[in-house]
Engineer: 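Here it is: the structure, laid out below.
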Number of protein chains: 2
Amino acid sequence: MDNLLSQLPGYALRRAANTAMTRFTAMLAPLDVKITEAAIFMLIRESANLTSSKIGKELEIQRANMVPMLQRMEDAGWIQREAIDGKSQAIVLTAEGRTKAEEVAQTVEQFEAELLHRVPAQHRKHLLPALNAIWN
Amino acid sequence: MDNLLSQLPGYALRRAANTAMTRFTAMLAPLDVKITEAAIFMLIRESANLTSSKIGKELEIQRANMVPMLQRMEDAGWIQREAIDGKSQAIVLTAEGRTKAEEVAQTVEQFEAELLHRVPAQHRKHLLPALNAIWN
DNA sequence: ATTTATTGCTATCGTCAATAGCATTAATCA
DNA sequence: TGATTAATGCTATTGACGATAGCAATAAAT
């Protein structure tokens, strides 16, 4: 009965993403970090002088939806805003935020390793290029 | 800058699913059918005497979340409930629902074909087993 | 200098999934 | 058989994430 739907790549994609993200959510929970915040951490950890809209463009998160994310991250003491000009503000990690970012990076690494491990070896190297072809 | 995250299978999985589901949503919109409803249609189209909780188990949708779905599908005139015993009810397609189910199935086929087409040929046959390994 | 684009924001909505709890009925087993 | 346990369908609420429409201020472009 399940055969039916699990023959469909689109359905499998949805289910796989769901399963993986549930797992990732659980792994991030002890850090009190959400998935999207983890992505933001990964980004600003490596690049300085990113603004909200630059991050949004990169992660394809709309400006309007960046606001509460960054607000929470600021309230948590992880990021600070620094005026670039009268319009733009750089999103900068605080000391606490840097620590959190490293913990996140470590969790990401673990999560990604687990994920790949689930995929049979003969399919493993095809996963990333296949997925990237779907959204790029 | 994107290189960073798009090296991560988990991130790619999330983005790919997102892109694909956005596309699927758009394709279903003219039918006034939502993604989860499409899955339900695909299921009850092929199996008779499914109950809400059987569908839920199959699709891993919680009982509580099945309620508004089936309610909407009933209000739309696509399904009917038929008592099996004092506790369970079969979810049955109406005539209108059968038509809708066929349209959905056709849309699914189109969507799945498009999706596979996006994946470079050399990775194509690996996608389904890789994804199924992740959630199964 | 004026028009256009960008930035950050408010407010609101939609989809999907999760949790906790409840009443009714069916199934189990002592 | 009678009492316990499990299953079914439901209400109510919450959370994460994404989408749209619109606004005021500022920067960039012509």
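Model, not experiment: these values are computed from the prediction. Numbers restart at 1 for each chain; the letters A, B, ... are given by sequence-line order, proteins then strands.
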Engineer: Hey, is CD on A/Glu102 packed in by over 12 heavy atoms from elsewhere, all under 6.0 Å?
Structural biologist: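 Yes, because the 6.0 Å sphere around CD of A/Glu102 holds more than 12 heavy atoms from other groups.
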
Engineer: For A/Arg98, what residues pass the salt bridge (charged side-chain N to carboxylate O under 4.0 Å, His left out) criterion, not counting sequence neighbours?
Structural biologist: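 By the salt bridge (charged side-chain N to carboxylate O under 4.0 Å, His left out) rule, A/Arg98 matches no residue at all.
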
Engineer: Give the rounded distance in Å between these two atoms: CD1 of B/Ile79 and P of D/dG9.
Structural biologist: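 Roughly 11 Å, once rounded to whole Å.
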
Engineer: How would you list, by chain and number, every residue that makes a side-chain contact (heavy atoms from CB on, under 4.5 Å) with B/Ala113, sequence neighbours excluded?
Structural biologist: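 Checked B/Ala113 against side-chain contact (heavy atoms from CB on, under 4.5 Å); zero matches.
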
Engineer: Please report the end-to-end axis angle for the helix from C/dA1-D/dT30 to C/dA30-D/dT1, five pairs per end, rounded to 10 degrees.
Structural biologist: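 The end axes of the helix from C/dA1-D/dT30 to C/dA30-D/dT1 are about 30° apart, to the nearest 10°.
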
Engineer: If only side-chain N and O atoms of A/Gln62 are considered, is one of them under 4.0 Å from the OP1 or OP2 phosphate oxygen of D/dG18?
Structural biologist: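 The answer is no; no side-chain N or O of A/Gln62 sits under 4.0 Å from OP1 or OP2.
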
Engineer: With a 4.0 Å heavy-atom cut-off, tell me which residues in residues 19-37 of chain A come close to DNA chain C, sorted by residue number.
Structural biologist: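 Residues of residues 19-37 of chain A under 4.0 Å from DNA chain C: none.
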
Engineer: Heavy atoms under 4.0 Å, any strand shown: does A/Arg14 hit a base, just sugar-phosphate, or nothing?
Structural biologist: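 Sugar-phosphate contact only.
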
Engineer: Would you mind telling me which residue lines up with the more 5' stretch of DNA chain D, B/Ser88 or A/Asp85, judged by nearest nucleotide?
Structural biologist: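 Comparing both residues, the 5'-ward one is B/Ser88.
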
Engineer: I need the CD-C1' distance between B/Glu74 and D/dG9, as an integer number of Å.
Structural biologist: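 Distance check: B/Glu74 CD to D/dG9 C1' gives 13 Å.
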
Engineer: Hey, which sits more toward the 5' end of DNA chain D by its nearest nucleotide, A/Glu60 or B/Ala64?
Structural biologist: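 Its nucleotide being nearer the 5' end, the pick is B/Ala64.
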
Engineer: For B/Thr25, give me all partners under side-chain contact (heavy atoms from CB on, under 4.5 Å), at least two apart in sequence or on another chain.
Structural biologist: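 Partners of B/Thr25 by the side-chain contact (heavy atoms from CB on, under 4.5 Å) criterion, ordered by chain and then number, come out as B/Ile35.
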
Engineer: Please round to the nearest 0.5 Å and tell me the distance separating atom CD of B/Glu112 and atom CG of A/Leu13.
Structural biologist: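 With rounding to 0.5 Å, CD (B/Glu112) is 9.0 Å from CG (A/Leu13).
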
Engineer: For DNA chain C, note the earliest and the latest nucleotide, 5' to 3', having some atom under 4.0 Å of a heavy atom belonging to chain A.
Structural biologist: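 Footprint of chain A along DNA chain C, 5' to 3': C/dT6 to C/dA17.
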
Engineer: So for atom CD, which belongs to A/Glu114, do other residues, nucleotides or ligands contribute more than 12 heavy atoms lying within a distance under 6.0 Å?
Structural biologist: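 Enclosed: over 12 neighbouring heavy atoms sit under 6.0 Å from CD of A/Glu114.
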
Engineer: So what does B/Arg81 touch, heavy atoms closer than 4.0 Å: a base, only the sugar-phosphate, or nothing?
Structural biologist: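 Touches sugar-phosphate only.
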
Engineer: Using atom types as modelled and distance alone, determine if a side-chain donor or acceptor of A/Thr94 lies under 3.5 Å from a backbone N or O of A/Gly77.
Structural biologist: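 The answer is yes, because a donor-acceptor pair under 3.5 Å joins these two groups.
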
Engineer: In the structure I gave you, are the side-chain heavy atoms of A/Met73 and A/Phe41 within less than 4.5 Å of one another anywhere?
Structural biologist: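 Answer yes - side chains close enough.
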
Engineer: Pairs in or reaching into residues 59-76 of chain B: which pass side chain to side chain donor-acceptor pair (under 3.5 Å), with residues at least two apart or in two chains?
Structural biologist: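 Sorted pair list: A/Arg15-B/Glu60, B/Glu37-B/Arg72, B/Gln71-B/Asp75, B/Glu74-B/Arg81.
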
Engineer: Whole angstroms only, please: what is the CE-C1' distance between B/Met69 and D/dT8?
Structural biologist: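 Rounded to the whole Å, the gap is 18 Å.
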
Engineer: Starting at the 5' end of DNA chain C, which residue's closest nucleotide do you reach first, A/Thr51 or A/Asn18?
Structural biologist: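 Looking at the nearest nucleotide for each, A/Thr51 comes out on the 5' side.
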
Engineer: How close or far is atom P of D/dT8 from atom NZ of B/Lys54, stated in whole angstroms?
Structural biologist: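 From B/Lys54 NZ to D/dT8 P: 8 Å.
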
Engineer: Test: side chain to side chain donor-acceptor pair (under 3.5 Å). Region: residues 120-132 of chain B. Which pairs qualify, not counting sequence neighbours?
Structural biologist: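 Matches after skipping sequence neighbours: A/His123-B/His126, A/His126-B/His123, A/His126-B/His126, B/Asn132-B/Trp135.
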
Engineer: For a 4.5 angstrom cut-off between non-hydrogen side-chain atoms, does B/Trp78 reach B/Thr99?
Structural biologist: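 Contact flag for B/Trp78/B/Thr99 side chains = no.
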
Engineer: If you assign A/Val67 and B/Asn65 each to the DNA chain C nucleotide with the nearest heavy atom, which residue ends up on the more 5' nucleotide?
Structural biologist: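 Nearest-nucleotide comparison on DNA chain C picks A/Val67.
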
Engineer: Suppose we screen for salt bridge (charged side-chain N to carboxylate O under 4.0 Å, His left out). Which residues come up paired with A/Glu46, at least two apart in sequence or across chains?
Structural biologist: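 With sequence neighbours excluded, A/Glu46 shows a salt bridge (charged side-chain N to carboxylate O under 4.0 Å, His left out) to no residue whatsoever.
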
Engineer: Provide a list of protein-nucleic acid N or O atom pairs under 3.5 angstrom, restricted to nucleotides 3-7 of chain D.
Structural biologist:
from: D/dA7; atom 1: N3; to: B/Lys87; atom 2: NZ; distance (Å): 3.4

Engineer: Taking side-chain contact (heavy atoms from CB on, under 4.5 Å) as the test, write out the residues that go with B/Gln110, two or more places apart.
Structural biologist: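 If we apply the side-chain contact (heavy atoms from CB on, under 4.5 Å) test to B/Gln110, skipping adjacent residues, the hits are B/Met27.
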
Engineer: Using side-chain contact (heavy atoms from CB on, under 4.5 Å) as the criterion, list what pairs up with A/Met69, not counting sequence neighbours.
Structural biologist: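 A/Thr36, A/Ile40.
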
